[in-house]
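Everything below concerns the one structure shown next.
Order of appearance sets the numbers: ligands from 1, and atoms from 1 within every ligand.
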Amino acid sequence: MRKAIIGGTGVYDIGEGSYTKVVETKYGNVELDIVNINGEEIAFLARHGKRHSTPPHLINYRGNMKALEQLGIKYIYATAAVGSCNESYSPGDIVVIKNFIDFTKQRPVTFFEGGDEPVKHTDMRDPYCKNLSNKFYEVAKVEGIDVKGDAVYVCTEGPRFETEYEIRMYKSLGGDVVGMTNIPEVILAKELGMCYAAVGIITNWCTGIKGDITIHDIQGTLSANKEKISRAFLRAFAGKLNQEHCRCNNSIIEL
Ligand code: HPA
């Protein structure tokens with residue numbers, strides 16, 4: 001199995017059947033769904049757990065990504081709910097995440113822990129796979145999704161939202177959208193040599209930008225978008241994929 005979708009649920013009816021699989025990893029067991037799409041098995045992983053019960057700072061990111069690697073996954077599309085601190089990107093909009101700024105504080109962010117292994121560093125010139133990102137723009141058009149543009153993602157530790165002054169700082173650093181989960185997911189994918197692209201679903205204005213954050217907005221925006229985005233991911237997966245035109249499988253520097 002080579003392809004996976006993280007975050008997006010609600011497309012099970014597209015496939016010809018699905019089953020749940022538990023993958024045992026050295027970081028713990030991970031439950032995911034395998035869906036048969038036109039004869040090919042694709043893995044669906046609900047990042048927060050199937051009942052959305054794991055908060056962002058406690059997600060077993062290493063377990064999740066290791067489980068995908070053990071299944072043979074090389075290509076991943078992920079969705080991320082984000083707030084916007086860029087006036088050009090409004091709630092309900094879809095953006096492609098092109099880079100990140102990491103403000104997480106206390107989660108394990110790497111598989112590279114030294115010991116018997118050499119010291120390894122990861123090249124972050126292209127944190128997100130350009131190939132998969134470009135493909136998303138193409139398939140989004142076919143699915144009628146209006147992608148508003150590229151976005152720099154600021155990752156906070158959460159689970160609290162940000163203060164108005166934190167948002168002013170993130171904005172002044174070049175951040176467009178703010179979320180709590182893309183770090184370390186994108187980093188771990190790179191460490192495992194996988195192609196990883198992420199699509200941001202803007203659920204709210206960040207604190208102090210315009211109006212208040214409401215839960216109603218967040219849930220409404222997510223359910224309105226998740227199905228069409230997942231369909232676009234599957235359309236992108238239906239085409240030919242390789243790692244010849246990206247650095248994703250070649251970004252580990254050993255010292
Ligand atoms: N901040 C952080 N994470 C988020 C937000 C936000 O405003 N909206 C959705 N996830």
Side-chain angles (χ1 to χ4, degrees), residues 5-10 45-61 64 76-109 127-128 136 145-188 196-230:
I5 294 176
I6 301 180
T9 51
L45 175 66
R47 183 188 286 122
H48 294 266
K50 279 195 168 177
R51 285 156 292 279
H52 201 94
S53 53
T54 315
H57 63 301
L58 296 179
I59 290 171
N60 182 6
Y61 295 97
N64 285 351
I76 299 174
Y77 275 115
T79 58
V82 290
S84 173
C85 57
N86 176 338
E87 279 82 358
S88 308
Y89 298 149
S90 311
D93 285 351
I94 307 293
V95 292
V96 170
I97 299 173
K98 70 166 176 197
N99 218 306
F100 68 73
I101 306 175
D102 178 7
F103 275 98
T104 63
K105 295 178 179 149
Q106 55 171 14
R107 43 184 93 170
V109 291
Y128 297 87
F136 183 75
I145 302 169
D146 180 18
V147 183
K148 284 286 146 66
D150 288 339
V152 174
Y153 177 104
V154 175
C155 195
T156 65
E157 184 64 27
R160 69 168 176 85
F161 284 112
E162 303 71 41
T163 68
E164 184 183 338
Y165 283 83
E166 286 172 325
I167 291 299
R168 282 194 203 182
M169 176 182 70
Y170 296 150
K171 190 173 158 65
S172 75
L173 293 176
D176 298 301
V177 297
V178 182
M180 304 174 188
T181 56
N182 222 233
I183 305 298
E185 206 169 87
V186 60
I187 301 170
L188 298 173
Y196 176 101
V199 169
I201 304 171
I202 298 178
T203 53
N204 57 279
W205 292 109
C206 289
T207 313
I209 298 285
K210 286 182 193 177
D212 293 330
I213 296 175
T214 73
I215 293 303
H216 177 74
D217 289 349
I218 292 182
Q219 284 171 345
T221 308
L222 284 178
S223 55
N225 284 296
K226 64 187 181 187
E227 187 162 333
K228 60 181 180 181
I229 293 177
S230 299

**OP:** With sequence neighbours left out, write down each residue that passes side chain to side chain contact (heavy atoms under 4.5 Å, CB included) with I101, or none if nothing qualifies.
**Re:** F103, V152, V154, L173
Original post:
Tell me, do H57 and M180 make a side-chain contact under 4.5 Å, heavy atoms counted?
Top reply: no
Original post:
For N86 and W205, which heavy atoms make the closest approach, and how far apart are they?
Top reply: O-CZ3, 3.5 Å
**OP:** Answer yes or no: does an N/O atom from C206 fall short of 3.5 Å to an N/O atom of ligand 1?
**Re:** no
Original post:
Should the proximity of T207 to ligand 1, defined as any heavy atom under 4.0 Å, be assigned to the side chain, the backbone, both, or neither?
Top reply: neither
Original post:
Between D93 and K148, is there a side-chain N and carboxylate O pair less than 4.0 Å apart?
Top reply: yes
Subject >> Contact (N/O only, under 3.5 Å) between W205 and ligand 1 >> reply: no
Original post:
Of the protein's non-hydrogen atoms, which lies at the shortest distance from atom 5 (C) of ligand 1, and what is that distance?
Top reply: F161 CE2, 3.2 Å
Original post:
With a cut-off of 4.0 Å, which atoms of ligand 1 are near a heavy atom of T203?
Top reply: 8 (N), 9 (C)
Original post:
So is T156 polar-close to ligand 1, meaning N/O to N/O under 3.5 Å?
Top reply: no
Original post:
At a 4.0 Å threshold, what atoms of ligand 1 neighbour a non-hydrogen atom of E162?
Top reply: 1 (N), 2 (C), 6 (C), 7 (O)
Original post:
With a cut-off of 4.0 Å, which atoms of ligand 1 are near a heavy atom of A81?
Top reply: 9 (C), 10 (N)
Subject >> Per atom 4 (C) of ligand 1, closest listed option by heavy atom (N204, I209, V154, V178) >> reply: V178
**OP:** State plainly whether the residues E87 and K210 are in salt-bridge range, i.e. N to O under 4.0 Å.
**Re:** no
**OP:** Could you go through the salt bridge (Lys or Arg N to Asp or Glu O under 4.0 Å) check for E166 and R160 one step at a time?
**Re:** CA-CA 12 Å; E166 286 172 325; R160 69 168 176 85; 2.8 Å; yes
Subject >> Closest non-hydrogen atom pair, Y153 against V82 >> reply: CE1-CG1, 3.5 Å
